[in-house]
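Written out below as structure tokens is the structure these notes cover.
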Amino acid sequence: MPTTTVFTIANQKGGVGKTTTAVNLAAALAEKKIPTLLIDLDPQANATSALGIEKTEGRSLYGPLRGEGAAAEMLTPTAIAGLTLIPSEEDLAAAEIEIAQSENYLQLLRRILEPLRNSGDYRAILIDCPPALGMLSMNSLCAADSLLITLQCEYMALEGLGQILRNVERLKSANINADLELGGIVMTMFDARTNLSRQVVDEVKAHLPDKIFNTLIPRSVRLSEAPSFGQTIFDYDAQSAGSLAYRALGAEVIKRFGLK
Ligand SMILES: Nc1ncnc2c1ncn2[C@@H]1O[C@H](COP(=O)(O)OP(=O)(O)OP(=O)(O)O)[C@@H](O)[C@H]1O
Ligand SMILES: [Mg+2]
């Protein structure tokens with residue numbers, strides 16, 4: 001039985017392309033026949049609506065995180081073959097507070113995902129995190145094998161990178177998730193016309209040469225329009241630059257993590 005790799009897509013900074021990457025990377029993997037589960041762990045539920053799925057009370061990991069029901073009960077098919085979603089809902093915001101009061105509060109997500117990880121049904125599980133290093137994001141770091149960080153090609157992009165990497169080191173050295181690796185850095189909203197975009201990419205390359213993905217996600221209006229139609233970039237505009245980029249990123253991820 002092939003193993004399952006759990007990726008968390010995190011950055012405490014808001015609006016840096018986490019959800020756009022989670023949704024389109026998940027779709028790119030599914031397109032390459034890799035059975036993929038996307039987990040929307042953000043109470044904003046942007047990944048859920050980007051896939052054209054209505055937020056529904058009682059359909060998220062909120063219940064399972066409080067010990068009510070199993071994560072498997074939340075599996076929701078999407079319009080994309082090979083891509084399953086666990087949606088989010090606003091109530092998940094309460095989990096930020098409630099989780100902190102439970103025992104073993106960092107391991108709750110890992111525990112409830114264990115049956116899905118072991119089911120053999122998914123080769124890749126992607127978790128879309130909220131813009132904070134709160135309980136939900138910290139739980140995702142504890143549940144994941146690999147952290148993917150999205151960085152916007154803008155001034156101050158690297159701000160906060162140290163903080164999340166220090167958290168990874170802490171979780172590893174405290175043996176809370178000894179196997180967690182920084183899987184890669186995805187540069188988003190790259191604008192080839194500006195020197196700034198290029199400088200930011202060069203800076204990240206200099207610091208983390210083995211981690212930065214070669215594929216740069218361009219700034220593209222089509223990428224920002226697709227979610228309002230409940231579509232991935234592949235369904236919304238298959239020939240757009242954003243579509244080509246996320247397909248290329250998918251191929252890089254498959255190769256880097258040996259997903260095939
Ligand atoms: N490559 C891109 N080109 C143009 N717009 C983009 C691109 N990637 C994301 N966007 C837009 O930028 C905004 C923020 O992107 P996204 O929602 O993916 O970021 P996020 O990190 O998930 O945000 P949050 O922290 O609120 O969860 C959205 O309106 C999205 O449509
Ligand atoms: Mg988001």
Side-chain angles (χ1 to χ4, degrees), residues 7-28 38-53 55 60-61 85-90 92-93 95-96 126-141 147-161 163-164 184-194 196-198 200-201 204 212-250:
F7 299 93
T8 181
I9 299 173
N11 184 335
Q12 68 273 31
K13 259 190 139 174
V16 294
K18 291 183 291 292
T19 301
T20 306
T21 298
V23 167
N24 291 301
L25 176 58
L38 175 62
I39 297 176
D40 189 349
L41 201 63
D42 183 355
Q44 297 180 97
N46 293 334
T48 301
S49 44
L51 285 170
I53 289 166
K55 288 184 271 187
S60 74
L61 287 183
L85 173 76
I86 292 184
S88 178
E89 58 174 322
E90 277 150 29
L92 197 56
E96 284 283 7
L126 272 64
I127 305 172
D128 182 32
C129 285
L133 277 178
M135 283 297 145
L136 289 168
S137 293
M138 289 304 290
N139 261 264
S140 87
L141 288 174
L147 163 66
L148 303 181
I149 299 177
T150 60
L151 291 182
Q152 195 182 342
C153 297
E154 290 290 346
Y155 185 57
M156 308 286 272
L158 275 69
E159 187 200 38
L161 187 59
Q163 194 188 349
I164 190 163
I185 310 246
V186 183
M187 302 306 297
T188 68
M189 299 182 232
F190 179 79
D191 188 341
R193 294 165 308 179
T194 69
L196 179 61
S197 265
R198 182 45 69 188
V200 173
V201 169
V204 175
I212 187 169
F213 286 103
N214 288 323
T215 308
L216 306 175
I217 307 299
R219 182 175 282 285
S220 142
V221 176
R222 307 300 270 167
L223 277 171
S224 62
E225 287 169 348
S228 49
F229 295 90
Q231 287 181 329
T232 68
I233 193 61
F234 308 114
D235 288 329
Y236 182 63
D237 190 345
Q239 296 313 317
S240 64
S243 175
L244 300 180
Y246 274 111
R247 199 167 273 139
L249 179 66

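Because only heavy atoms are used, hydrogens play no part in the values below, and waters and symmetry mates are left out as well, while side chains stay in. Everything quoted here is computed from the prediction, not taken from an experiment. Order of appearance sets the numbers: ligands from 1, and atoms from 1 within every ligand.
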Who passes ring-ring contact (aromatic ring centres under 6.0 Å, His included) against Tyr246, sequence neighbours left out? none
How long is the gap from CZ on Phe213 to CG on Leu25, to the nearest 0.5 Å? 8.0 Å
Candidates Asp128, Asp40, Thr19 - the one meeting side-chain hydrogen bond (donor to acceptor under 3.5 Å, both in side chains) with Thr48: Asp40
Under a 4.0 Å N-O cut-off, is there an ion pair linking Lys13 with Glu154? no
Is atom 7 (C) of ligand 1 near the protein, in the sense that some protein heavy atom lies at less than 4.0 Å from it? yes
For atom 5 (N) of ligand 1, what's the nearest protein heavy atom and its distance? Ser224 CB, 3.6 Å
Tell me the protein heavy atom at minimum distance from atom 24 (P) of ligand 1, and give that distance in Å. Gly15 N, 3.5 Å
May I ask whether atom 29 (O) of ligand 1 is less than 4.0 Å from at least one protein heavy atom? no
Which residue supplies the protein heavy atom nearest to atom 26 (O) of ligand 1, what is that atom called, and how far is it? Gln44 NE2, 3.2 Å
Ligand 1 atoms in contact with Leu223 (distance to a heavy atom under 4.0 Å): 1 (N), 2 (C)
Judged by heavy atoms only, the candidate from Thr150, Asn24, Thr20, Val23 nearest atom 15 (O) of ligand 1 is Thr20
Atom pair SG/CD1 of Cys129 and Ile39 - distance to nearest 0.5 Å: 10.0 Å
Please determine whether side chain to side chain contact (heavy atoms under 4.5 Å, CB included) holds for the pair Ile185 and Leu161, giving the CA-CA distance in whole Å, both sets of side-chain angles, and the decisive distance to 0.1 Å. CA-CA 10 Å; Ile185 310 246; Leu161 187 59; 4.2 Å; yes
Could you check atom 17 (O) of ligand 1 against the protein and tell me its nearest heavy-atom contact, residue, atom and distance included? Thr19 CB, 4.0 Å
Taking atom 20 (P) of ligand 1 as the reference point, the nearest protein heavy atom with its distance: Lys18 N, 3.5 Å
Minimum-distance protein heavy atom relative to atom 1 (N) of ligand 1: Pro218 O, 2.8 Å
Nearest 0.5 angstrom please: Leu136 CG to Leu141 CG, how far? 11.5 Å
Run the side chain to side chain contact (heavy atoms under 4.5 Å, CB included) check on Met156 and Leu158 step by step: do they pass? CA-CA 5 Å; Met156 308 286 272; Leu158 275 69; over 6 Å; no
In terms of residue, atom name and distance, what is the protein heavy atom nearest to atom 4 (C) of ligand 1? Ser220 O, 3.1 Å
If we only count heavy atoms from C-beta on, is the Pro130 to Glu96 side-chain gap below 4.5 Å? yes
Is the distance from the Mg ion (ligand 2) to some N, O or S atom of Thr19 under 2.8 Å? yes
Ligand 1 to Pro227 polar contact by distance, N or O atoms, under 3.5 Å: no
List the residues meeting ring-ring contact (aromatic ring centres under 6.0 Å, His included) with Tyr236, not counting sequence neighbours, and say none if there are none. Phe229
Report the nearest protein non-hydrogen atom to atom 12 (O) of ligand 1: residue, atom name, distance rounded to 0.1 Å. Met189 CE, 4.0 Å
Heavy atom of Ala226, distance to ligand 1 below 4.0 Å: no
Working note: Arg219 + Asp191, criterion salt bridge (charged side-chain N to carboxylate O under 4.0 Å, His left out); need CA distance, chi angles, decisive distance, verdict. CA-CA 6 Å; Arg219 182 175 282 285; Asp191 188 341; 5.1 Å; no
What's the separation between atom CD in Gln163 and atom CG in Asn11, rounded to the nearest 0.5 Å? 9.5 Å
Ligand 1 N/O within reach of Gly17 N/O, cut-off under 3.5 Å: yes
With a cut-off of 4.0 Å, which atoms of ligand 1 are near a heavy atom of Ile217? 1 (N)
Here the atoms of ligand 1 under 4.0 Å from any heavy atom belonging to Gly14 are 25 (O)
Mind checking whether Thr188 has a heavy atom under 4.0 Å from ligand 1? no
Can you check whether Val16 has an N/O within less than 3.5 Å of an N/O in ligand 1? yes
Any Leu41 side-chain heavy atom under 4.5 Å of Leu61 side chain: yes
Within the 4.0 Å heavy-atom shell around Asp42, which atoms of ligand 1 are there? 27 (O)
